[in-house]
Each structure stands twice: as structure tokens, then as C-alpha cells.
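Structure record follows, encoded as C-alpha cells.
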Amino acid sequence: MELNLKTFIPSLDAYHMPYVSEFASFDLPSYFYSLVRQIPVNKVSTYMDLAIALGDTIAARAVGKMLSENPEPDITECFRIIHSDGSVGNYTHPLGTEEKIRRLVACGIKVEDEHVMDFEKLRFTEFKTEFPLKRIAAEQSRMSKEFVSEYPGSDSFGAVDVSYYGNDAVAAFVWREGNEIMARFARSHVTFPYIPTYLSYREGEIMKRAIGNFDGTVLVDGHGIYHPRFCGLACYIGITAGIPTIGVGKSKLKGNISGKYIMIGDRKVAMIHKGRFLSPGNRIDLLDIEKIVGHDDTVLKLTDEAHKAATHFKNTAIKKE
DNA sequence: GCGACAG
DNA sequence: ATCTTGTCGC
């Protein structure tokens, strides 16, 4: 016998459809290196210029980091990227800054006292780009609209954290079973760099693999709606996996402190509890979080267990390889 | 000159 | 988060 779906499912909208990210496996470094290769041989550009071409000035440090990890320095020449004040800046090479200057001079660029002469005239900014970080930020804004504040309730809690050895990451997810603490791990090489406010695209997918099909509320090492686009790591995980999540951050992002709460504009996005910033990720609100940590102070300690598990796995399994 | 800038 | 990457605004 076959079911007539049209009869039994009146509207797909009645179901919660997990949001699918378009950038879950986006290779930002490859895109970035292709931008670097656009700089003409007799020109220079700055870390900030490349960050703008990527789509957000907040990525300036990540630009430096990606250049330092350039896998093909002969094909993607990175010595043309200099500081915004015209000084040549660092060069990840055994010979350091001296080598950067030597290579610039070899291209006919004049350098005096570690500064590029006629810097503004030699500066290249006309990148052909689709501003990927702007697109990702737009996805965060769209995704934030999928946030649901109704808490389904749960008697089980888990916590997830990530530890790194270079760009090799391990995610640890821990939960309680009776008196035991259980752990599940996920490993992978990550390419997306750490960029403030884009943490989801570095850690979201590996964390979801460690969480697996856990049926409960997940504490995430990062913020939830306490985020400039109301879409931090805990939201990304909660909304793309369709599960209740709570963001647990150790440090501030932006926003104003008002008593025990953090405000972004007129929206209350987080509460301060025991030096942590707690914010809704998905399918929960601040009042639920307040009740949970007030009723059971062992729940938050799961985040410490997740941190320990991830660090231990990294030190014992990854570092030795 | 020093802090922000989630991890 | 590690192993050093940059800019802005006060």
C-alpha cells in the first residue's frame, strides 16, 4: 500500500527544515590566493586592501595568517602585500623582512628605511572579486531569521569544544550518562581561518560531526545570538542541525553591558553568569538558560569537560603524528 | 601608546 | 584557538 503524501502532508512549511549553509565547505584560502595573484608584478597592495576584497576589513589579520601559510610562494607571490602605512611588514621566510625588500626591489619597487616609496602610486586595489565574506555575512543575517526561541525542554545536556594542532582540528563532544562522562570526537584539517564574527565557518561543521545525533541541549564554545548579525557559532549549529543550543563564551564580542545582560541595540542577547557570556543559539531563550544554570550548576561544567577532552585528544593522538 | 577584534 | 598574523580608534 502506498501513502498519498499529498493527503498526509498538507504543507512542507509545517515541518522544521534545517537551514543548509552555502558555505559549509567554502575554501576561503584558495579564493584569497587567487586574489593575491591579481596584483600586477610592478604593484603593491596592503593587508587591508585584501581584506576589503575578501569582503570585510575585520579579516586583515587573517590575511597575514593566510600569507604566512602560502603553500605555493613561487606561484602566489606574497611579498607585495605590505602594511597600510607603507612599511613593508613581515615576511615568513628564513631571511625575513630583508628578503621581502630584496624581492620588491627586484621588481623595480623602491624601498627606503623599510618603507615603499611612492606607495600610493604603486598601490593596487582593483581586485576582481565577489566579496565572499559579504556573502557569508548575508547568509548569517538570513540564517538568524530562522532562530526559534521556544524551548522543547530536555533532561540531557552536552558540550562541544575544538582544539588545534596547526590547522588540524579535533572536536570533542561530551555528555553525561549516569555518573559517567561520555565523549565522541571528530577530526579534520580545517582551511577556513579564524576571522572574528565568522567563527562558524571554521568550527561549525566539525562540531556537528562530534555532536552526531545527540538528542538533548548542546552547550557550544562560542556565542549564540550575541553576535553583530545575531548568528554566532551556537546559532549556526542549532539552526543547521535543528537542535537546541546555548552559546557559552569566555570573552566579549561587541555590545553593551547592562547589569547582568549584554545588549546589542535594544535586543537583550546574552547574560553574564560566573564570568561566562551565555546566549541562546537556537530553540531556547534567555529565561530558559537562566532557569537551567540556576537549577543545576553542573551543566556549565560540561564545557570544561569538553575542553579537557579536546585538549587531551590533541596532545595524545594528533601531536605525535 | 594600548585595547578591541567570539575561538 | 595557538605560536605571532594587522588595523583602527581612543
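First the proteins, then the strands, lettered A, B, ... as listed; each starts at 1. Values below: all heavy atoms of this structure, side chains included; hydrogens, waters and symmetry mates excluded. Note that the structure is predicted; figures quoted are calculated from it, not measured.
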Original post:
What is the distance from atom CD1 of A/Ile101 to atom CG of A/Asp113, rounded to the nearest 0.5 Å?
Top reply: 9.0 Å

Original post:
Rounded to the nearest 0.5 Å, how far does CG of A/Leu233 lie from OH of A/Tyr201?
Top reply: 10.5 Å

Salt bridge between [X] and [Y], side-chain N to carboxylate O under 4.0 Å?
X	Y	value
A/Glu305	A/Lys301	no
A/Arg142	A/Glu22	yes
A/Asp168	A/Lys314	no

**OP:** Please state the P separation for the pair B/dC5 and C/dT4 - nearest whole angstrom.
**Re:**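 Straight-line distance between the two P atoms is 24 Å.
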
Original post:
When rounded to the nearest Å, what value does the distance between C1' atoms of C/dT5 and C/dA1 take?
Top reply: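 Their C1' atoms lie roughly 13 Å apart.
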
**OP:** May I ask you to check whether A/Phe173 and A/Phe214 place their ring centers less than 6.0 Å from one another?
**Re:**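 Yes, the ring centres sit under 6.0 Å apart.
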
**OP:** Kindly point out which of C/dT7, B/dA6, B/dG7 is positioned nearest to the side chain of A/Met48?
**Re:** C/dT7

Subject >> Selection from C/dA1, B/dA6, C/dG6 that lies nearest to any side-chain heavy atom of A/Ser251 >> reply: B/dA6

**OP:** For A/His227, report the nucleic acid contact type (base, sugar-phosphate, nothing); a contact means any heavy atom under 4.0 Å.
**Re:**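 Counting heavy atoms under 4.0 Å across all strands, the contact made by A/His227 includes a base.
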
**OP:** Determine the contact category for A/Leu67: base if any of its heavy atoms lies under 4.0 Å from a base atom, sugar-phosphate if only primed atoms, P, OP1 or OP2 are that close, otherwise nothing.
**Re:**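 Contact class for A/Leu67: none.
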
Original post:
Quick one: which of A/Tyr194, A/Tyr236, A/Tyr164 gives a side-chain hydrogen bond (donor to acceptor under 3.5 Å, both in side chains) with A/Glu203?
Top reply: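 One option only clears the test, and that one is A/Tyr164.
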
How close or far is atom [atom2] of [N] from atom [atom1] of [X], stated in whole angstroms?
X	N	atom1	atom2	answer
A/Lys65	B/dG7	NZ	P	17 Å
A/Phe192	B/dG7	CZ	C1'	13 Å
A/His83	C/dC8	NE2	P	11 Å
A/Phe230	B/dA6	CZ	P	17 Å
A/Arg276	B/dA6	CZ	P	17 Å
A/Asn167	B/dG7	CG	P	18 Å
A/Asp161	C/dA1	CG	P	7 Å
A/Tyr201	B/dA6	OH	C1'	15 Å

Original post:
Is any side-chain N or O of A/Lys314 closer than 4.0 Å to OP1 or OP2 of C/dT2?
Top reply: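 Checking C/dT2 against A/Lys314, a side-chain N or O does come within under 4.0 Å of OP1 or OP2.
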
Original post:
For A/Tyr164 and C/dA1, is the shortest distance between a side-chain N/O and OP1 or OP2 below 4.0 Å?
Top reply: no

**OP:** Starting at the 5' end of DNA chain C, write a dot or bracket for each base, bracketing those in Watson-Crick or G-U wobble pairs whose two distances are under 3.5 Å and using | for partners on another strand.
**Re:** .....|||||

**OP:** Evaluate the ring planes of A/Phe79 and A/Tyr91, with Trp represented by its six-membered ring, and classify them as parallel (under 30°), tilted (30 to 60°) or perpendicular (over 60°).
**Re:**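 Plane angle over 60°, so perpendicular.
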
Subject >> Cation-pi check, A/Arg37 onto A/Phe124 ring (under 6.0 Å, within 45° of axis) >> reply: no

**OP:** Could you list by number each residue of residues 84-107 of chain A showing a heavy-atom separation from DNA chain C of less than 4.0 Å, or answer none if no residue does?
**Re:** A/Ser84, A/Asn90, A/Thr92

Subject >> Chi angles and distances behind the side-chain hydrogen bond (donor to acceptor under 3.5 Å, both in side chains) call for A/Glu139, A/Ser21 >> reply: CA-CA 8 Å; A/Glu139 176 176 274; A/Ser21 170; 2.7 Å; yes

Original post:
Heavy atoms, side chains only, cut-off 4.5 Å: are A/Phe277 and A/Leu253 in contact?
Top reply: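 The answer is no; the side chains never approach within 4.5 Å.
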
Subject >> A/His93 side chain vs A/Leu95 backbone, donor-acceptor pair below 3.5 Å >> reply: yes

Close N or O pairs between protein and nucleotides 3-5 of chain B (under 3.5 Å):
residue, atom, partner, partner atom, Å
B/dC5, OP1, A/Leu253, O, 2.4
B/dC5, OP2, A/Lys252, O, 3.4
B/dC5, N4, A/Arg61, NH1, 3.2

